[in-house]
J.: 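Please read through the structure below; I'll follow up with questions.
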Amino acid sequence: MHIVVLPLPLQGHVNICLAIAKMLVSQGCSFTFVLTQDLAGNVAQHQGIHFATVASHGSCFADSFDHSSCLSIMKSIRPGFEELLQKLLLSSEAGVSCIMADSYVTWSREVAAQFGVPRYVLYVSNAHTLAIALHVPSLVSQGLVHGGDPGILIDCIPGVLPLRARDLPQSVRLMPEFNKEMVKDMHKAAGAIFNTVEGWESNPLKTIKETLPVYPVGPSLLAPGFVESPSKEKPGVWAEDRSCLAWLDTLPPSSVLYVSFGSLATMSIDQMRELAEGLEASGQPFLWVVRSNIANSSVDDVLPQDFGERTRDRGLIIRWAPQLEVLAHAAVGGFLTHCGWNSIVENLCKACVPMLCWPHLGEQRLNARLLVDEWKAGIELVQDDDGWVKKEAVAKAVKELMRGEVGECLRDNALRLKETACLAWQEGGSSCRYLQSLIQDIKNLSTGVKAID
Ligand code: UDP
């Protein structure tokens, strides 16, 4: 089968879509994977995956991240995508069995219909987020979304843990029209594919199943036959700094706090300095990813004076990490994370270190609730009402995470989640079964045979 994958041109979205594609390659599928130039870099070909570059009006990474400009960049690639699809349908021997489109690419529904190709949605977050998105009309009619009290408790969403209104995903709170369009679009899809595990999110998955078929086929990193990409072959805007791996080799097991806020979160310079002082005061070794655009300023301007000197023996700052290898390194003992879904899943697959949650945007507040309240695999950094995190809070939480009994409990719970994920990939396990039914359903759809329930 030949499948065309269309991710939103953002690092986290591309990473999940590629991970799912690579997993399906091991099942005999081949892929055309669509990228914009900024993310394509030097990436040419992975086993079974051909990368195609389409023109776009700009890059989502040009300035600090903004949802609406990113969606308009996505709109701008439609003509190039249509041309590509046309070419593939005419030229490729296998034809196109289906499109797997990022849930944010809402125009993919029209394009798939126009070309008569089945379309699956690649849902780049977890099932909790989609269960909430599907329930938005009811939340709106109850006045729970816009302009209401952000502290109000919402415990009426089927399958979803109780949340404060402020913990709802940003797409729900700030982009209701887009959310509506996305949900309408989901209803028309052949199914939704998730990088999650049934055993992690059985309740929201049950709810979503009432609307459309679901395929929780994660975590792809643990799928049999999954092969990780070498550093230089990963699509991305920043080059990985691999020197940190040799630095980690010099440190004792479980001693280093890995600090990363993913590819989109930004922070004020003052907050960066406060965090730096908190890390210093914790006395714990740290590896900190400071992206060139995290505070729209150079690293030297962002950090307190002499910070590098003072923490030289136990701190390393880099621009972009080989995150999977860092998490897998024995020296890493804790993860200060923005709670991006990829980062959470990667930690559960590779490290199972306790997580210190500092959510920033998207659905990260919801993810933090899941980690802290339901899975008990993380603790949350205390934020003021305006989101400010004090250095004292950082130092205290880091010590608790890395040296206290709390950290041990969190690690045990993370290990249990990993065990659930490993079982899902054993013969007869949930991810194995969903993967087989996904493949069968695509085959049936692409040959016009109706799936037998
Ligand atoms: N990542 C990386 N190096 C870094 C920081 C992040 O390779 O220094 C990768 C990480 O492994 C993950 C992705 O970038 O796959 C970030 O995705 P996530 O969903 O965690 O957050 P987002 O960037 O979408 O906010």
Side-chain angles (χ1 to χ4, degrees), residues 7-22 38-39 41 43 60-61 64-67 70 102-104 122-126 128-129 169-171 194-196 218-221 226 228-245 247-248 256-267 286-294 299 316-329 332 335-351 353 355-368 370-371 378:
L8 192 69
L10 288 176
Q11 187 73 57
H13 290 235
V14 165
N15 287 9
I16 288 196
C17 294
L18 185 57
I20 298 277
K22 279 168 49 179
D38 55 339
L39 282 150
V43 182
C60 294
F61 295 97
S64 64
F65 175 69
D66 163 47
H67 260 118
C70 188
D102 193 310
S103 52
Y104 275 72
L122 270 171
Y123 199 76
V124 296
S125 183
N126 44 44
H128 277 82
T129 307
Q170 272 185 336
S171 56
F194 296 85
N195 194 25
T196 192
S220 49
L221 280 173
F226 185 89
E228 278 165 34
S229 320
S231 215
K232 61 179 185 320
E233 287 177 22
K234 289 183 193 160
V237 272
W238 300 285
E240 292 178 346
D241 181 346
R242 303 182 57 77
S243 66
C244 62
L245 298 170
W247 180 80
L248 287 171
V256 178
L257 177 76
Y258 173 52
V259 184
S260 165
F261 298 97
S263 62
L264 300 171
T266 54
M267 238 184 236
F286 61 87
L287 171 62
W288 183 8
V289 178
V290 179
R291 275 186 350 261
S292 51
N293 60 349
I294 192 161
V299 174
L316 184 67
I317 292 178
I318 55 172
R319 296 295 173 90
W320 190 248
Q323 181 160 304
L324 288 173
E325 286 161 271
V326 166
L327 285 170
H329 198 288
V332 172
F335 187 8
L336 169 46
T337 172
H338 68 308
C339 301
W341 184 239
N342 281 299
S343 294
I344 293 170
V345 174
E346 288 164 5
N347 178 38
L348 294 177
C349 293
K350 289 287 170 185
V353 293
M355 286 171 265
L356 181 51
C357 304
W358 186 347
H360 279 72
L361 50 102
E363 87 296 20
Q364 293 157 14
R365 276 176 170 276
L366 161 69
N367 296 348
L370 193 59
L371 276 176

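Sequence positions, counted from 1, serve as the residue numbers for this chain. Counting starts at 1 for both ligands and their atoms, following the listed order.
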J.: Quick test of your reading of the structure: of Cys244, Ser125, Ser263, Gly262, whose heavy atom lies closest to atom 23 (O) of ligand 1?
T.: Ser263
J.: Could you tell me the residue and atom name of the protein heavy atom closest to atom 13 (C) of ligand 1, and the distance to it rounded to 0.1 Å?
T.: Asn15 ND2, 3.4 Å
J.: In the protein, which heavy atom is nearest to atom 3 (N) of ligand 1, and how far is it?
T.: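 Looking only at protein heavy atoms, the one closest to atom 3 (N) of ligand 1 is Ala321 O, 2.7 Å.
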J.: Please report which non-hydrogen protein atom sits nearest to atom 17 (O) of ligand 1, along with the residue it belongs to and the distance in Å to one decimal place.
T.: Asn342 ND2, 3.2 Å
J.: Just jot down the ligand 1 atoms closer than 4.0 angstrom to any heavy atom of Trp341, in number order.
T.: 19 (O)
J.: What is the nearest protein non-hydrogen atom to atom 20 (O) of ligand 1, stated with its residue, atom name and distance?
T.: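 Checking every protein heavy atom, the shortest distance to atom 20 (O) of ligand 1 gives Ser343 OG, 2.5 Å.
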J.: Among Phe261, Trp238, Trp320, Tyr258, whose heavy atom sits nearest atom 2 (C) of ligand 1?
T.: Trp320
J.: I'd like to check Leu221 versus Phe226 (side-chain heavy atoms, cut-off strictly below 4.5 Å). Are they in contact?
T.: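 Yes, their side chains come closer than 4.5 Å.
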J.: Please list, in number order, the atoms of ligand 1 under 4.0 Å from a heavy atom of Ser260.
T.: 5 (C)
J.: Could you tell me whether ligand 1 has any atom less than 4.0 Å away from a heavy atom of His338?
T.: yes
J.: Looking just at side-chain N and O atoms, do Glu363 and Thr129 make a donor-acceptor pair shorter than 3.5 Å?
T.: no
J.: Suppose I only count heavy atoms of Gln364 and a 4.0 Å limit; which atoms of ligand 1 are within that range?
T.: 25 (O)
J.: Check each of Gln11, Glu325, Glu346 against atom 12 (C) of ligand 1 and report the one with the nearest heavy atom.
T.: Glu346
J.: Under a 4.0 angstrom heavy-atom cut-off, which atoms of ligand 1 come close to Gly340?
T.: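 Near Gly340, meaning under 4.0 Å from one of its heavy atoms, ligand 1 has 18 (P), 19 (O), 20 (O), 21 (O).
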J.: For atom 24 (O) of ligand 1, find the nearest protein heavy atom and state the residue, atom name and distance (0.1 Å precision).
T.: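 For atom 24 (O) of ligand 1, the nearest protein heavy atom is Gly12 CA, 3.6 Å.
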J.: Taking side chain to side chain donor-acceptor pair (under 3.5 Å) as the test, write out the residues that go with His329, two or more places apart.
T.: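 Counting only residues at least two positions away or on another chain, His329 forms a side chain to side chain donor-acceptor pair (under 3.5 Å) with Asp249.
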J.: Is there a donor-acceptor pair under 3.5 Å between the side chain of Asn195 and the backbone N or O of Ser220?
T.: yes
